[in-house]
Amino acid sequence: MSQVNTNSYKDKLQAQSQELKWKLKMLKKEPLLLGLIVLILVVLTVFVLFPLFKILSYSLTNEEGKISFQTVVEIIQNSSYRAIFMNSIKLGVISGVLSTIIGYIFAFAITRTELPFKKFFKTMATIPIVSPPFVLSLSIIFLFGRKGLITNGLLGITDFNVYGLHSLVLVQTLSFFPVAYLTLSGILEAIDPSVEDAALNLGASRWKIFRTVTLPLSLPGIVSGFLLVFIQSLQDFSNPAVIGGGYPTLGVEAYRVITGMYELKTGAILAIMLLLPSLLAFLLQRYWVKGKSYVTVTGKPTQIRDKISEKHIVYPLLALCLLFCGVIILFYGTVLYGAFVKTWGINYTFTLDHFKYVVSTGLRPLLNSVFLAIVSTPIAGLLGMIIAFLLVRKDFIGKSYMSLVSLLTFALPGTVVGIGFILAFNEPPLVLTGTAFILICVFVFRNIPVGIEGGMSALRQIDPSIEEASTNLGASSFETFRYVTLPLIKGAFFSGLVYSFVRAMTAVSAIIFLVSARWNVVTTRIFSLFEVSKYSDAAAYIVLMIIVILVAIGVLNLLVSRLDKKRV
Amino acid sequence: MNIKKITSIVLVLVFACALLLQGCSASGSDTLTIYTALPESEIPSYLEAFEADTGIKVEYVRLSAGEILSKLQVEKNNPQASVWYGGPADTFVAAAKEGLLESYKSDELKNIPDNYIDPDGTWSPIYVGALAFACDKEWFDENGLQYPTSWADLLKPEFEGQISMAHPGSSGTAYTILSTIVQLKGEDDTWDYFSELDKNIRQYTKSGSAPPKNVALGEAAIGISFSHDCLKPTAEGYPIELSFPADGTGYEIGGVALIKDGPEMENGQKFIDWCLSAEGQNVYSTNSSFRLPINTEAIVPEGAVNIADLAVIDYDFSWAGENRKRLVEEFTNKVANKDNLK
């Protein structure tokens, strides 16, 4: 019996080593590809794993300089930390589910139906990721607080409690659903319409097609969207800090422990604990999507999609989209309005003073932010697509490592990312603190997962034989990627770029420890204004930021749409 | 546009900006880099005055005091700044304990009362601020109520859900409130007091300067904070009035210190000399910071509350610092935990 076992074990080993040899052989054929893979693995190790390792070893080292798990044990035994941990997860699940549903409704209505005002809805669905999230928290207080324009002004309620889980869910859903929307619209656009048309021609109802074709095919996107929102909600700091009230979350608790109790080590470990649910969700997703085929784009000729135009489908969707847009306009309108009044909440006389103040005292932080965003966006966008391509299409050693590590910086609370980067890059061999480079690195590695998730979901729908055809015709992997793959997944590429740009402009907690005298950015400036009750000045900055971001989205759209037109 | 083009454009941009920024960086010995916990709106007024007096150009990063402490901890082996400017004394004490600060005794200390000075000279005092109640004038007018004038007044049932204070676990201001009550009433009565007060608390905020802002926004009728923070929203036009507990109030001392192994020690010492001098402290009277100078030769700003005119307790800083962790934990367990687990 044992003999047989050993034999089959040996066989397995042999098969594995055989496979390994084959993989290596394939890679040797394309030394450039091999070089690229090695480069990405090295970069990920240096800028993601190394800071995380530094902060772990710092946190676990006790005063005598020895490794000690005392702090970890204390945290696990503390019942209030456990309760706070569960708070975070509950919030993440609720926000994740709601954001994914809303994102799906938007994405479906825009890509699949004859919805009127599509451009308007497209813009509206991306606006909420534009501003630093604490702005929405401020809006909610102005709208629904005790002196709120709606609760008090309109309804006459004087004692509405705006703090707590309900407001957090609302604000997080509003801030994060665009990520789900961007991921999903990329996917829905990539599904070959002939699959749905075939079902329609066979007499299936619209509902049946949706249920049995469209929805199952978009599952990878739904899961990715949920995952991205869930992780973001877990590591969100600004919203729970401003309107969490009696609902503490782990991200805020970690910050409180670090800056209020001066216990950096305990706080860092608390924050790292947030990785557990994020990684678990991530592994479940990878395991679940793996081994299923979602290929619909095969390279065979397809006709142009017939969009759904039935009124009983379009009108309810239109109503829903209008409703969500109404809420978005309400929240952002409040900010816009706040930028033009004398003293927000007290004196509503029209004034341009706040813009004069911004222009006269501090355009440099804004310009710094724009510069950092412009530099980091193409890097993050392309890197995201390349990693997605490698993960879906290529077989190589270190693949699961690449897929896991690329997500880590995204899933950690920003404060800890910042501390990790200081620990890792403030002393030789790599001294980067105080430079723009360190900020760009944070932006790139914190923002690639959105591109990776979108790119992977889109690639899974595309038959690899299209790319194989290109390679067989003599194109290198790079040419194939540039002229075949990238145009095919341009939807996901575009959302990855937009997301990176916006997040680079609006990041707060990740960079609060990394900004230097020379590299101050607009969000920390807004945060400081917020601190001293200059809400209208903060609002003026935000309005300028929104303008910059909308222009950037326009430019990116133009560039990406030209990807498949210009072929050399 | 192909990838090569995009890459080359990006590279050109990077180098152009790098050159640009090289151009505007000032040369070596006339500069000083500081971390400051003072509000963004005040900082330029001090730094411009300092530059006018000494010719030294100051670059700053604005962080909260707790963040500065964390940053010093992780930058320990290669500090990026020379001076830590502003923040409550207890954060400086904590930093000194970890060996993050460089002792420096300025000549200007001669004009500062001894009870405010750190005997080891690891940090120096720059202002004082007393605990006060920021009251929403409109709310009190509408409800026909009197401003609270003692700690006991805060327990009145008509203030149910109307008071905002920070959480002592995240805010030095709130810890000053906590240890003031302990020093006034003794520890046993303290927990009874805060459990009572808890019924009237609307929200424990994260930041110590947030309660007056909540009052400005109408989210609370009374905010407990330092007088200079309480007065700040009034400069923006929010209707807030101050009252003080007549049965004794605690206070904070704002500090400044040299960061150990910082890059510009000499300029750092000049900066501290200037902060403590009458010229440096006179800025408080012109920048509507409402801070009370600690140098007896300096001008007391108009509208600021003179600590000498108030019933101030004999606040024991070293005792407060040593008992911080224990008191905050007890506060969390006995008072605020009910909320946390709701």
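Because the structure is predicted, anything quoted here is derived from the model rather than measured.
- For the set A:Tyr58, A:Phe513, A:Tyr255, the count of heavy-atom pairs under 4.5 angstrom toward chain B peaks at A:Phe513.
- Between the OG atom of B:Ser70 and the NZ atom of A:Lys265 there is a distance of 12.5 Å, given to the nearest 0.5 Å.
- In this structure, NZ in B:Lys71 is found 13.5 Å from CD1 in A:Ile258, a value given to the nearest 0.5 Å.
- The distance from the CD atom of B:Glu67 to the CD1 atom of A:Ile419 is 9.0 Å, given to the nearest 0.5 Å.
- In this structure, B:Glu329 CD and A:Asn78 CG are separated by 8.0 Å, a value rounded to the nearest 0.5 Å.
- Residue contact with chain A, scored on non-hydrogen atoms closer than 4.5 Å, involves the side chain of B:Gln203 exclusively.
- With a threshold of 4.5 angstrom between heavy atoms, B:Thr205 does not approach chain A through any atom at all.
- Residues B:Lys325 and A:Glu263 have side chains in contact (heavy-atom distance under 4.5 Å, counting atoms from C-beta outward).
- Within a 6.0 Å sphere centred on CD of B:Glu160, other residues, nucleotides and ligands contribute 12 heavy atoms or fewer.
- Counting non-hydrogen atoms of other residues, nucleotides and ligands closer than 6.0 Å to CZ of A:Phe437 gives a total of 12 or fewer.
- Formation of a donor-acceptor pair under 3.5 Å by the B:Asn78 side chain with backbone atoms of A:Glu427 is not found in this model.
- Only the side chain of B:Gln80 comes within less than 4.5 Å of a heavy atom in chain A; its backbone stays farther off.
- For a residue to count as touching a neighbouring chain, one of its non-hydrogen atoms must lie under 4.5 Å from one of that chain's; by this rule B:Val74 touches chain A with backbone and side chain alike.
- Atom CD1 of A:Ile422 and atom CG of B:Asn77 lie 12.5 Å apart (nearest 0.5 Å).
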